[in-house]
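Have a look at the structure below before the remarks.
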Number of protein chains: 2
Amino acid sequence: MPFTLADAIEAYILSRLDEAGRGILEVRRRELADRFRCAPSQINYVLATRFTPERGFVVRSRRGGGGGILITLLAYDEVADVLRRLHRQAGRGLTQAQAFDLVRFFHEQEIVTDREARLVQAVFGALSSSPALDSDDLSGLRGRVMQSLLAVLMS
Amino acid sequence: MPFTLADAIEAYILSRLDEAGRGILEVRRRELADRFRCAPSQINYVLATRFTPERGFVVRSRRGGGGGILITLLAYDEVADVLRRLHRQAGRGLTQAQAFDLVRFFHEQEIVTDREARLVQAVFGALSSSPALDSDDLSGLRGRVMQSLLAVLMS
DNA sequence: GGGATTAAGGTCAGGGAAGGTCAAAAGCGG
DNA sequence: CCGCTTTTGACCTTCCCTGACCTTAATCCC
């Protein structure tokens, strides 16, 4: 087992997340970088590769003086599991029909309300009426939008 | 939480606005600056970044002796009107910051729920991290998405 | 009445403190 | 050697806060 710096940072964050209880932890990028004697961007790398939505994490940050990084571990349940799988799949892009079907599915499963469904459908409708995008780009964009939506639904 | 001076001043103003009842509050810049031990211009900073029209506030001020700053929350009956104006304006495109502020405004006005706001913000976030779109196209796309959303909200 | 004084508030540039991005270099397993 | 992951470094954006300097209004006092 090659225990890399990234692994160590991951383990450290996980343990602090654990001891913090409540599944919420705030860290400073600079502090972590100092503690592990590495470039600050290394922290971004760890967050990007380990603390992903697929693994049930939500990471938010704020820049500027008094900024910081908030890491949240989402509760595990079956719905979340399905959402996570969908999240992974959406990364490969979506047709408009697929996007609409997913939204309808969420609605049927009562994962989203009636109005939430209409709002989201409106979004996908607007996307598709976009010039300046060929169908491949559009598919990728739909996928990313869906992923972001799923991240919210999982939180 | 990353709680800065600006956050504290914002919270203080909001609480006084709240306890003052119907949406009007008068403050003195100097007094606030003294209370928070900061430069008076810090108050301007907070007003400029937090109490913006896009978030539903109107700030007026009088200079000179006996001057002061009047902070007003937009009244409910003005909101429908604002939505129509916004719909027209959105047609000309939106920056990401404008889109976010609008969503925030809707949330503050209780036009959208907490989760609806997060979903919609997730959408605008995803749009902005989109390759294959230059900033003009992006601006236009945000505008069309916002128009579609407004159409749902007005229905 | 009119200038001087005083008491507000406004603007702007700049420094410092976060965090973000991206490409290139370095390691490493096969 | 090749390809993937890790790590770094240079450069960028955002946000907070202050200080120097400016504008406007009320008041004082002749």
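To find a chain, count down the sequence lines: A is the first, B the second, and so on, and within it residues start at 1. Everything numeric here is computed off the predicted structure, so don't read it as measured data.
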Checklist entry - Is a donor-acceptor pair below 3.5 Å formed from side chain R29(B) to base dG10(C), judging by atom type as modelled? => result yes
Checklist entry - Expressed in angstrom and rounded to an integer, what is the separation of N44(A) atom CG from dT6(D) atom C1'? => result 14 Å
Next on the checklist: What's R60(B) touching, base or sugar-phosphate or nothing? Going by heavy atoms closer than 4.0 Å.
Outcome noted: nothing
Checklist entry - Would V120(A) and V112(A) count as a side-chain contact (heavy atoms from CB on, under 4.5 Å) if you check the C-alpha gap in whole Å, the side-chain angles of each, and the deciding distance to 0.1 Å? => result CA-CA 10 Å; V120(A) 172; V112(A) 301; over 6 Å; no
Next on the checklist: With a 3.5 Å cut-off and heavy atoms only, can you find an N or O donor on one side and an acceptor on the other between the side chain of R63(A) and the base of dG20(C)?
Outcome noted: no
Checklist entry - More than 12 foreign heavy atoms under 6.0 Å from CZ of R35(A): is that the case here? => result no
Checklist entry - Can you check whether L94(B)'s main-chain N or O pairs, donor with acceptor, with R142(B)'s side chain at less than 3.5 Å? => result yes
Checklist entry - Could you state the interatomic distance from CG (L73(A)) to CG (L17(A)), rounded to the nearest 0.5 Å? => result 5.5 Å
Item to check | Within residues 32-43 of chain B, residues whose heavy atoms come under 4.0 Å of DNA chain D | outcome: C38(B), A39(B), S41(B), Q42(B)
Checklist outcome for this item: When rounded to whole Å, the OH to C1' distance for the pair Y45(A) and dA23(C) reads 15 Å
Item to check | Residues R104(A), D101(A): salt bridge by 4.0 Å N-O rule | outcome: yes
Item to check | SB check D34(B) R29(B) (cutoff 4.0 Å) | outcome: no
Next on the checklist: Could you tell me how far apart I9(B) (CD1) and dC16(D) (P) are, to the nearest whole angstrom?
Outcome noted: 11 Å
Next on the checklist: Rounding to an integer number of Å, can you tell me how far R30(A) CZ sits from dT14(D) P?
Outcome noted: 21 Å
